[in-house]
Each structure stands twice: as structure tokens, then as C-alpha cells.
Amino acid sequence: MAKYFDQFHFSLIERDQPDFLVPPLPREDWLRDKLGTGFTFRHKGTQFHWVPQNLSDELIVGVIERKKTLAQRTPPEDGAQEFEGEIWQGAMVIVDPQHRPDGQKVAVEDVGNVGQAKALLASLVATINLQTTNQYVLFFKPLFRGDSFWKFAEKHGGTLQYVAFKFTVPNMIFSAGGGVKKGLKRIGNDTGAQEIDVRLESDDGVQAKSKSVQEAVDYAEEGNARVTAKAVSGEYWSSTSRKMTVKMQSILNFAEAKAEQVQKWLNQALDRGPDSINPDPVDDDTRAGGD
């Protein structure tokens, strides 16, 4: 059975005034602390559960689970009588919490009858951020492949009516971005901003191949910004609709699988390893979505 994992990136922005009674933690330890124990949260009015899974020492693994009551029937020998029964359905989440190149990545299983991956992650993150004593504020952005943007720009002669970025202020020293990243860091430090909107627009057209746009797209591609663009012709492009998705064959019984096999499978779900498959980019509504 195939499983689809949508790819995201976490950014952790340190609060100006964290609770001084709580010892400060590195970003990795903080993520492990917040996701290492189970809790409940609300998603579109329904109670969901975060259930940690003891599958990896390196990665954080959990399941976002919900209970459903469905009409069912008894077996033929019992007369096929109708009754209401409870079932539990869930979506796996895999997090690399390490503060390193290609780190702070998140893979969320897209299970239509549980909920859309991005929406579930948004509700989970919002619940964590409600804790005002947190040392960090947690943000996430979908990962996308930059070559999709460059193909769009090339299709329109390298000139676009506008390119807009919703940046998360940098928290990793390893990421790309050059001068754009330094500028965002300076603005964030100066103003306390956690996210910054930038829109480049011109009636005569914005040059997509300019150094500033290239640096901004490189930085965004690592999961640090959402990008939208519009061609002079009126055609739109969005990084959200070009999200990265990894298709995996499921392991039905993790308890019986070898540890090495499980670790390899988890890393492939994070788009690491030669056996992971990236389908062509699709819009969010291409696969059936849930709540």
C-alpha cells in the first residue's frame, strides 16, 4: 500500500522574553521535549491526539490520530445487524529536529479521511505555540523545488508582473540566501518581526533572474518562505501548489521490522535516500482530502 508524505520545514524563532524560570534549551532539545509526550488538540472542532512512537533515536516520530464513529454490520453468521462502532485513524509525522544543513525537516502523511497534511500540522503547531512560556515560536513552510519556479519564469521570458515572498526570519546559520538572508535577519533583530512579507512588482516587469530574486528563491526553497508569482499574461504560480511529496510503500508492522530497515524507511519519507520517489508536483486538491 502506498503512502504519501508531504514535506515541510520547521523554523524556531526565539521569543524576546522567554520564561527565565525554565532553563534555555537548544532548538533540537526543545523540539524533542515538546513532541516527546502525547497531548490532545483541536482541529476544525474535533479532538485529535498526538501520539509519540518509539521508532528512532535520531528522528521524532508520532501519529496524529482521531476517533470516528461509523455505522457497521456484524458478520453473516450474526445476522448482518447494523451497529455503531468506534475506529481510530491516524497520519504519521516524522521530524528531523537537528539544527544542521537539511535539518528541521518534517514529513506528514497525507491521509484523506484523517485530514490534509498541511492543515493538521498547522493545528498541531498552533497548539504548541499557545504555551506563552515557550522559549521558541514554531513556524513551518511547505518545501518545494525551485526549478518549478524557474521553468515558470523562463516560460514567460524571465519577466514577471510580481513575485511575492512570505519569509520566516532566519534561524539557521546553514541556509542559503546570501544578502537576502542577512537583510531579513537584520530586520528581524531590529523590529522583532517573526515573518516578513516582500512583494516585488512592476508594470514593466520584474526580472526573475536578478540576483535578489535568485537569492530569495534559494532561501525559500529550503522551507523558509512561501512564494507566489504572476506573469504579465496573468498566469499565476504558487510554491504551495508545487509542494514536495514523497511516495512510499508502507511497512505494516514496524514491531517486526529490523531497526535498520525502519530507520532507512523513515529517512526516505523525509526525501532522503535513493529509493524515495517524488511524483510530479500536484495541486492540494488532486488527492482526496479530509477535514
Side-chain angles (χ1 to χ4, degrees), residues 6-13 99-106 117-118 121-122 137 139-246 271-272 278-286:
D6 291 349
Q7 306 293 302
F8 303 91
H9 177 264
F10 273 158
S11 294
L12 284 73
I13 309 302
H99 190 63
R100 62 176 183 180
D102 198 40
Q104 294 179 195
K105 290 181 70 174
V106 187
K118 181 182 175 183
L121 187 59
V137 180
F139 293 89
F140 74 93
K141 294 285 193 300
L143 290 170
F144 68 98
R145 297 202 181 280
D147 57 0
S148 172
F149 173 83
W150 297 118
K151 288 177 181 177
F152 174 79
E154 184 178 354
K155 175 182 176 182
H156 297 282
T159 303
L160 304 174
Q161 182 174 329
Y162 74 75
V163 185
F165 301 87
K166 188 175 186 65
F167 292 108
T168 301
V169 173
N171 82 105
M172 296 185 73
I173 62 174
F174 315 105
S175 55
V180 168
K181 178 186 172 184
K182 292 178 181 177
L184 292 169
K185 186 75 171 178
R186 177 181 55 79
I187 294 171
N189 290 338
D190 185 45
T191 65
Q194 297 169 338
E195 292 189 300
I196 299 172
D197 288 303
V198 176
R199 183 183 177 100
L200 308 174
E201 185 169 12
S202 171
D203 291 337
D204 297 327
V206 173
Q207 298 304 307
K209 293 185 178 180
S210 65
K211 181 180 179 181
S212 294
V213 173
Q214 289 182 10
E215 288 183 350
V217 172
D218 288 346
Y219 180 65
E221 188 179 8
E222 296 181 346
N224 299 304
R226 185 172 69 247
V227 188
T228 56
K230 180 182 178 182
V232 177
S233 66
E235 184 178 358
Y236 286 91
W237 181 93
S238 168
S239 62
T240 302
S241 63
R242 270 66 175 186
K243 64 186 181 184
M244 286 175 55
T245 300
V246 173
D271 196 32
R272 295 168 177 164
N278 281 282
D280 292 334
V282 294
D283 292 333
D284 287 345
D285 57 358
T286 299

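Small disclaimer: the values here were computed from a predicted structure and weren't measured.
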Review point. Where does the angle between the aromatic ring planes of F10 and F140 fall among parallel (under 30°), tilted (30 to 60°) and perpendicular (over 60°)?
Key: perpendicular
Check your understanding: What distance do E221 atom CD and S148 atom OG have between them, rounded to the nearest 0.5 Å?
Key -> 10.0 Å
Point to revise | Side chains of D6 and P142 in contact at under 4.5 Å (non-hydrogen atoms) | key: no
Review point. Do H9 and N224 have side-chain heavy atoms sitting under 4.5 Å apart?
Key: yes
Revision key, fill the gap. One should read off an interatomic distance between L184 CG and I187 CD1, to the nearest 0.5 angstrom, of 6.0 Å
Review point. Between L160 and W237, is any pair of side-chain heavy atoms under 4.5 Å apart?
Key: no
Practice item. Hey, could you give me the OG1/CG distance between T168 and L12, rounded to the nearest 0.5 Å? Key: 10.5 Å
Revision key, fill the gap. Heavy-atom closest pair (V206 atom, Q161 atom, distance to 0.1 Å) is CG2-O, 3.8 Å
Review point. Any donor-acceptor pair under 3.5 Å linking the side chain of Q7 with the backbone of M244?
Key: no
Check your understanding: Under 3.5 Å, is there a donor-acceptor pair between the side chain of Q214 and the main chain of K209?
Key -> yes
Check your understanding: Among K105, Q104, K118, which residue meets the side-chain contact (heavy atoms from CB on, under 4.5 Å) test with F8?
Key -> K118
Review point. Do R242's NZ or CZ and the ring of F149 fall within the cation-pi criteria of under 6.0 Å and 45°?
Key: no
Review point. Looking at F152 and A229, what are the two nearest heavy atoms and their distance?
Key: CE2-CB, 4.1 Å
**Study point:** Atom of G223, atom of S11 and distance for their closest heavy-atom approach
**Key:** O-OG, 4.5 Å
Practice item. Verify the neighbour count for atom CD of E235: are there more than 12 heavy atoms of other residues, nucleotides or ligands below 6.0 Å? Key: yes
Check your understanding: Which pair of heavy atoms, one from F144 and one from A225, lies closest together, and at what distance?
Key -> CE2-O, 4.2 Å
Review point. Is K141 salt-bridged to E195, going by a charged N under 4.0 Å from an acidic O?
Key: yes
Check your understanding: Closest heavy-atom contact between T159 and D204?
Key -> CG2-O, 3.9 Å
Exercise for review: Any chance you could lay out the side-chain contact (heavy atoms from CB on, under 4.5 Å) test for F165 and V180, step after step, and finish with the verdict?
Suggested key: CA-CA 11 Å; F165 301 87; V180 168; over 6 Å; no
Exercise for review: Supply the atom-to-atom distance K166 NZ to S239 OG, rounded to the nearest 0.5 angstrom.
Suggested key: 12.0 Å
Point to revise | Non-hydrogen side-chain atoms of V232 and H156 separated by less than 4.5 Å | key: no
Check your understanding: What distance separates K211 NZ from D218 CG, expressed to the nearest 0.5 Å?
Key -> 11.5 Å
